[in-house]
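Since the structure comes first, as structure tokens, the remarks are kept for the end.
Heads up: numbering here begins at 1 and tracks the sequence. Given the structure is predicted, the values throughout are model-derived calculations rather than measurements.
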Amino acid sequence: MSNIVHVILSGGVGSRLWPLSRKSFPKQYLSLFKEGSLFEMTVNRNRDLCNQVIVVGNKDNNQLSREVMENGGVEYIDIVESTPRNTAAAIAFAAFAANADDILVVTPSDHVIVGDESYNKAIQEGIEKANQGYIVTFGIQATKPETGYGYIEYKGDQVLSFREKPNKETAEDFIERGNFLWNSGMFCFRADTLLHELQQFEPRVYATALAAWQHKKDGILDEALSKEIPSISIDYAVMERSKKIRVVATHFNWSDLGSFESMYDYLKHTGHPTDENGNMVIGTDIYSAFVGLRNTILVYTKDAILVLQKESSQDVKKIYNTLERHQSKLID
């Protein structure tokens, strides 16, 4: 019986949720939810499904994941990236840390999932396919023409194509055709299967990631060697090229909370107040009033205020990128 390992990817910054999400305190650790932080929910969701945990984070905030794991009494392997190199490298590090025949269930740390029974069933199906030598991706039933997600075109458990984030017209076509799933960014595979495919399709990523792994100190990967790793997603590196890909079409409710629009929808669903015109305040109890505005979100932090139309939430990243170019401390 293979060992089932939960790999938690926690290196993301959540730039579309600025100013709430910062490099030193990204969205997965924010205490905005009744059930705890997104990271805590991710750990608890998979406790009974897996018998080992690996956390891949970064040096800017790995102390936050350490606090959660230690407070929860969860034993785990801590892998600390000295510089982010995207998901292909992050997943490779977890595979290097595991045994060859371990089944890795890879999940982001910042998603909301509702429906424990459906979730458990999907993961078990993924584990079964992984034991057969497949690399499994989990697709979410697409309920609206969302432009912020990637899509998976499928038939049965076969992946016909991966599609990047579409424009609105293309997304509407995907929904109408009915055989497209949202790409959840969750995966399941044997460690040796993934490493074999990565070495075949991206040998430089494999070799440089292995070098950084072999020269780690106290769980922290070598920075100079890490900078040699090409920054590429696991989708580009393996998923879109391997012949071993299968998809599990899931039936639980899911959101990556990747924008203020998706956070708005989730918070409203869980009872967060809005006014009669759909306006919402996040981050403060200070009395706030909206005049002549609809579906507007006001986000308050101690050093920044953001006001946006809900439908324009994908554009928040432009503000983050501008601040990053100017080396602003507002993103730290």
Side-chain angles (χ1 to χ4, degrees), residues 7-9 12 16 42 45-46 86-88 90-92 95 103-115 118-190 193-194 197-198 200-202 232-259 261-262 265 314:
V7 178
I8 306 175
L9 304 180
R16 289 182 180 85
T42 302
R45 183 183 308 126
N46 293 277
N86 217 315
T87 52
I91 290 172
I103 300 294
L104 273 54
V105 177
V106 179
T107 73
S109 60
D110 55 359
H111 292 183
V112 168
I113 290 173
V114 179
S118 296
Y119 178 80
N120 294 349
K121 183 179 178 181
I123 296 299
Q124 292 297 343
E125 185 178 345
I127 290 171
E128 290 174 12
K129 293 181 186 298
N131 268 317
Q132 296 168 20
Y134 294 116
I135 296 174
V136 180
T137 183
F138 296 88
I140 308 299
Q141 298 294 333
T143 57
K144 61 180 180 178
E146 173 62 59
T147 60
Y149 299 152
Y151 285 74
I152 300 169
E153 183 183 12
Y154 79 109
K155 183 177 181 180
D157 69 349
Q158 302 288 319
V159 174
L160 303 181
S161 69
F162 288 93
R163 304 292 185 93
E164 285 304 295
K165 297 174 182 177
N167 59 32
K168 187 170 179 57
E169 292 75 18
T170 303
E172 289 172 346
D173 178 59
F174 289 168
I175 298 299
E176 186 175 340
R177 289 164 63 180
N179 66 323
F180 283 82
L181 303 164
W182 288 332
N183 190 345
S184 71
M186 296 167 47
F187 311 100
C188 183
F189 44 75
R190 274 178 56 125
T193 301
L194 185 282
E197 297 297 275
L198 181 64
Q200 177 181 347
F201 294 112
E202 287 290 342
I232 182 171
S233 72
I234 195 66
D235 296 285
Y236 285 136
V238 174
M239 305 304 292
E240 296 183 7
R241 300 155 82 177
S242 174
K243 303 298 184 185
K244 297 182 178 181
I245 308 303
R246 293 292 184 271
V247 63
V248 172
T250 66
H251 297 280
F252 48 79
N253 293 324
W254 169 92
S255 173
D256 72 341
L257 291 189
S259 68
E261 183 172 14
S262 57
D265 291 342
Q314 293 293 334

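- Separation of atoms NE2 (H111) and CZ (R45) is listed at 9.5 Å; rounding is to 0.5 Å.
- Considering every non-hydrogen atom in both V114 and F252, the closest pair reads O-CB, 3.5 Å.
- Applying the ring pair (Phe, Tyr, Trp, His ring centres under 6.0 Å) rule to Y154 yields no partners; only residues at least two apart in sequence or on another chain are considered.
- Listed by chain and residue number, nothing satisfies the side chain to side chain donor-acceptor pair (under 3.5 Å) test with T193 (two or more places apart in sequence, or in another chain).
- With sequence neighbours excluded, no residue satisfies side chain to side chain donor-acceptor pair (under 3.5 Å) with N179.
- How far OH of Y119 is from CD of Q124: 10.5 Å, rounded to the nearest 0.5 Å.
- Heavy atoms only, all atoms of each residue included: S184 and W254 are closest at CA-CZ2, 3.8 Å.
- Scored by the side chain to side chain contact (heavy atoms under 4.5 Å, CB included) test, A95 finds L104, A191, L195 as partners (sequence neighbours excluded).
- A donor-acceptor pair under 3.5 Å is absent between the side-chain atoms of T107 and the main chain of I8, judged by distance alone.
- Qualifying side chain to side chain contact (heavy atoms under 4.5 Å, CB included) partners for F201, counting only residues two or more places apart in sequence or in other chains: E197, R241, S242.
- Minimum interatomic distance between M186 and P108 (heavy atoms only, all atoms of both residues): CG-CD, 3.8 Å.
- Sequence neighbours left out, the pairs with a member in residues 161-170 that pass salt bridge (Lys or Arg N to Asp or Glu O under 4.0 Å) are E153-R163, K168-E172.
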side-chain contact (heavy atoms from CB on, under 4.5 Å) between D110 and L257, intermediate numbers included: CA-CA 7 Å; D110 55 359; L257 291 189; over 6 Å; no

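- In terms of heavy-atom proximity, L198 sits nearest to A237 at CD1-CB, 4.1 Å.
- In this structure, OH in Y134 is found 11.0 Å from CD1 in I245, a value given to the nearest 0.5 Å.
- With rounding to the nearest 0.5 angstrom, the OG atom of S255 is 10.0 Å from the CD atom of E261.
- The ring pair (Phe, Tyr, Trp, His ring centres under 6.0 Å) test applied to F180 returns F174, not counting sequence neighbours.
- Residues satisfying the side chain to side chain contact (heavy atoms under 4.5 Å, CB included) criterion with E125, sequence neighbours excluded, are K129, V248.
- The salt bridge (Lys or Arg N to Asp or Glu O under 4.0 Å) check on R16 picks up nothing, with sequence neighbours excluded.
- Between the side chain of S259 and the main chain of S262, a donor-acceptor pair closer than 3.5 Å is present.
- Judged as a ring pair (Phe, Tyr, Trp, His ring centres under 6.0 Å), and not counting sequence neighbours, F162 has no contacts.
- Counted within 6.0 Å of NZ on K121, heavy atoms from surrounding residues, nucleotides or ligands total 12 or fewer; the atom is thus considered open.
- A90 approaches L9 most closely through the heavy-atom pair CB-CD2, 4.1 Å.
- For T170 and N167, the side-chain atoms include at least one donor-acceptor pair closer than 3.5 Å.
- Checked against I91 for a side chain to side chain contact (heavy atoms under 4.5 Å, CB included), the options N86, V7, I234 give a single hit: I234.
- Closest approach of G156 and V247 over heavy atoms only: O-CG1, 4.1 Å.
- In terms of the side chain to side chain contact (heavy atoms under 4.5 Å, CB included) criterion, residue partners of D235 (sequence neighbours excluded) are, by chain and number, N183, F187, S233, M239, E240.
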Could you list the donor-acceptor pairs under 3.5 angstrom formed between side-chain atoms of residues 136-149 and any protein atom two or more places apart in sequence or on another chain?
unit_1 : atom_1 : unit_2 : atom_2 : d
Q141   : NE2    : T250   : O      : 3.3
E146   : OE2    : G148   : N      : 2.9
Y149   : OH     : D256   : OD1    : 3.2

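- Enclosure of atom CD in Q158 by more than 12 non-hydrogen atoms of other residues, nucleotides or ligands within 6.0 angstrom is indicated.
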